[in-house]
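Got a structure for you, questions after.
Along the sequence shown, residues carry numbers from 1.
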Amino acid sequence: MNDNQKFRIVIVGGGTSGWMTACAISKLIDQHNYSITLIESDQIATVGVGEATIPPIRDFNSASGIDEAEFMMRTGGTFKLGIEFHNWKKKGHHYFHPFGTFGKPIDGLPFHQFWLREKQNGGTTELGDYSLCEIMAKSKKFAPNSTDPKALLSTASYAFHLDAGLYAKYLREVSEERGVKRIEGKIVDVKLRETDGFIHSVCLESSQEIEGDLFIDCSGFRGLLIEEALKTGYEDWSDLLPCDRALAVPSESVGKARPYTMSIAHAAGWQWRIPLQHRTGNGHVYCSKYMSDDEAASILLSNLEGKALGEPRPLQFKTGKRKKTWNKNCIAIGLSAGFMEPLESTSIHLVQESISALIKLLPGKEFEQCELDEFNNMLDRQYELIRDFLILHYYANDREEAFWKDCRNMDIPESLKHRIALFKNRGRIYVEQENLFRLDSWLAVMNGQGITPKSYDQMIERKDKGKVSRHLASMHLAFIEETKAMSTHDKFIKRHCKSNFV
Ligand SMILES: Cc1cc2nc3c(=O)[nH]c(=O)nc-3n(C[C@H](O)[C@H](O)[C@H](O)COP(=O)(O)OP(=O)(O)OC[C@H]3O[C@@H](n4cnc5c(N)ncnc54)[C@H](O)[C@@H]3O)c2cc1C
């Protein structure tokens with residue numbers, strides 16, 4: 001097939017989402033039938049602060065043909081075993097949201113129910129005593145998880161911290177090697193077909209015109225195609241997740257990199273600390289209704305562990321999503337599709353979800369409405385489930401400041417109310433098949449934010465208390481022993497994936 005007969009995919013934007021899309025589709029689709037072009041402009045900066053990820057990124061890497069050790073070296077990456085939340089429930093309190101699971105089910109019954117029964121009968125152990133990831137994180141140890149269900153390491157999982165600028169650069173190199181054509185230039189006009197309003201072409205400042213069959217909008221918050229050209233509309237969720245600004249600043253590394261992200265709540269928002277091999281990423285997400293930019297900057301700068309490597313960079317956003325992420329012949333991926341704050345590192349994951357949905361529903365020259373609808377439904381659902389999980393962190397708090405009081409009193413979605421009510425009653429947690437956050441994540445955050453069940457599931461009464469107690473104690477000890485035998489996170493990186501620029 002010659003180039004004129006191929007189905008032409010045009011990606012607009014070369015940030016994390018543009019290059020992730022180019023890299024994945026150049027590996028997964030047959031380029032005899034498709035051509036892939038990516039347009040980016042050196043005049044328009046990328047956001048480039050997406051630095052923490054969650055475990056499914058490993059599936060993305062593997063499907064996209066990315067070697068993990070090389071990816072770590074090229075992005076200055078470190079391993080992530082979860083997030084440590086400080087001051088979220090109240091000042092001075094902290095908890096950990098680990099990857100992997102808490103313990104293992106006992107005879108098919110959820111592990112946490114047994115822990116709840118022990119706790120309600122005077123037990124003093126913490127949930128985290130049964131999470132291998134949490135124990136590893138606190139000891140700054142690391143080992144990759146195992147797929148053998150009998151191994152303790154099968155209860156663990158991991159993701160990465162990465163330098164987003166280096167990540168995009170690396171993915172660009174891989175994509176170009178696979179035949180993706182890159183065009184440097186600023187798009188100044190978008191031409192729509194008169195017949196159906198589909199995008200016909202984009203025009204560059206240089207007056208070059210690029211036609212396409214499918215346009216993927218990775219142009220960032222502005223949504224150059226999906227919004228500015230197609231006027232798709234935006235669902236605003238600021239009343240549920242009211243933070244609307246962030247300041248980001250890198251700092252010098254201090255000590256050995258932690259294998260986890262830190263999230264520290266402040267008076268009207270929170271701060272992230274993300275350790276990389278060559279520096280630490282920091283940022284303060286806050287709500288402008290309750291805090292000035294100067295105050296936010298001063299809080300951020302006075303809470304850095306190392307010397308700031310520049311001035312804080314301001315970012316503004318409106319939480320929510322496009323009314324349709326696929327509209328006509330345009331699919332929005334990344335910030336152009338929507339944004340929820342990086343509290344649980346979900347943005348890069350949503351890019352991955354969009355790419356996966358695109359590949360499952362890849363259109364031909366004819367665009368079928370049923371495929372668009374399916375894509376939009378899938379993405380809508382993902383956004384809503386993640387939104388509820390993020391709201392939980394804000395809603396369940398005992399802090400005193402006006403921002404936190406208002407979060408506590410906000411009218412949360414019925415779906416979340418129901419989830420909290422179920423947990424409060426007998427600690428039950430049901431998660432839908434498509435929910436990114438599984439039982440253990442909901443458990444970690446509900447427990448960590450101080451939601452305490454009145455009782456536990458009576459189903460577990462058939463299991464003897466003494467025996468279960470001994471089982472829990474030996475499980476905890478086994479996790480400790482397993483962790484002692486592991487290499488430190490620092491040594492693991494030095495041995496397997498040290499960046500040559502550190
Ligand atoms: C404060 C903050 C913290 C974050 N932290 C995390 C995190 O820890 N984990 C996580 O998963 N995600 C995080 N994210 C989200 C993450 O940064 C984004 O999902 C990711 O960077 C994707 O951005 P993007 O590629 O969609 O857009 P951008 O990075 O904005 O890229 C837009 C691209 O479009 C191009 N472009 C725009 N207009 C034109 C034009 N007219 N002509 C040509 N090219 C054009 C630009 O040149 C650029 O290449 C965070 C976001 C913010 C705001």
Side-chain angles (χ1 to χ4, degrees), residues 3-4 6-26 34-50 164-165 167-169 171-173 175-176 178-234 315-318 321-339 347 350-351 354-355 358 363 365 367 372:
D3 271 5
N4 296 335
K6 286 184 178 178
F7 185 85
R8 298 157 304 175
I9 300 177
V10 178
I11 302 169
V12 169
T16 309
S17 60
W19 285 115
M20 277 178 78
T21 307
C23 180
I25 62 177
S26 61
Y34 294 86
S35 69
I36 308 165
T37 304
L38 184 145
I39 307 165
E40 65 180 324
S41 166
D42 288 342
Q43 292 177 52
I44 303 170
T46 62
V47 163
V49 287
Y167 186 42
K169 227 188 238 174
L171 294 180
R172 171 181 159 187
E173 217 175 278
S175 308
E176 287 189 305
R178 290 182 187 157
V180 173
K181 182 176 168 200
R182 172 183 180 267
I183 298 177
E184 206 307 301
K186 186 173 169 190
I187 296 169
V188 288
D189 192 22
V190 180
K191 285 192 183 160
L192 303 184
R193 294 199 306 232
E194 274 180 15
T195 44
D196 53 11
F198 276 42
I199 299 173
H200 171 73
S201 59
V202 291
C203 307
L204 305 187
E205 217 168 29
S206 62
S207 52
Q208 186 181 357
E209 181 171 348
I210 296 130
E211 295 179 6
D213 297 303
L214 174 68
F215 288 83
I216 304 191
D217 186 348
C218 296
S219 65
F221 285 125
R222 61 190 297 197
L224 181 66
L225 309 183
I226 194 84
E227 197 57 54
E228 290 180 15
L230 295 180
K231 316 268 179 260
T232 303
Y234 195 76
L315 294 144
Q316 293 192 13
F317 53 85
K318 188 190 281 180
K321 56 170 275 296
R322 293 282 163 225
K323 288 188 173 148
K324 293 178 200 162
T325 42
W326 184 348
N327 188 9
K328 300 188 189 287
N329 61 339
C330 172
I331 297 182
I333 297 187
L335 298 173
S336 63
F339 183 66
S347 287
L350 282 165
V351 170
S354 306
I355 297 169
L358 162 65
K365 294 250 178 193
F367 283 74
L372 270 76

Would you confirm whether Arg172, through its side chain, and Trp19, through its main-chain N or O, come within 3.5 Å as a donor-acceptor pair?
-> no
Check: Asp217 side chain, Leu225 main-chain N or O, donor-acceptor pair, under 3.5 Å = yes
Side-chain (Ser201) to main-chain (Glu211) donor-acceptor, under 3.5 angstrom | no
Val49 versus Leu315: any side-chain heavy-atom pair under 4.5 Å?
-> yes
Quick one: does Lys181's side chain get under 4.5 Å of Ser35's, heavy atoms only?
-> no
By side chain to side chain donor-acceptor pair (under 3.5 Å), which residues pair with Arg222, not counting sequence neighbours?
-> Glu228
Side-chain contact test, heavy atoms from C-beta onward, threshold under 4.5 Å: evaluate it for Leu171 versus Thr16 and give yes or no.
-> no
Per the salt bridge (Lys or Arg N to Asp or Glu O under 4.0 Å) rule, which among Lys365, Arg193, Lys6 passes with Asp213?
-> Lys365
Please answer whether the main-chain N or O of Lys318 pairs with a side-chain N or O of Tyr234 as donor and acceptor at a distance below 3.5 Å.
-> yes
side-chain contact (heavy atoms from CB on, under 4.5 Å) evaluation trace for Ile44 with Lys186 | CA-CA 8 Å; Ile44 303 170; Lys186 186 173 169 190; 4.2 Å; yes
Under 3.5 Å: donor-acceptor pair, side chain of Ser26, backbone of Val180 | no
Glu184 side chain vs Ile39 backbone, donor-acceptor pair below 3.5 Å = no
Geometric class of the Phe7/Phe367 ring pair [parallel <30°, tilted 30-60°, perpendicular >60°] | tilted
Return the set of residues passing salt bridge (Lys or Arg N to Asp or Glu O under 4.0 Å) with Lys321 (not counting sequence neighbours), or none when no residue passes.
-> Glu235, Asp380
Looking only at heavy atoms, which two atoms of Gly15 and Thr46 are closest? And how far apart?
-> CA-CG2, 3.6 Å
Walk me through it: do Lys169 and Glu173 pass the test salt bridge (Lys or Arg N to Asp or Glu O under 4.0 Å)?
-> CA-CA 6 Å; Lys169 227 188 238 174; Glu173 217 175 278; over 6 Å; no
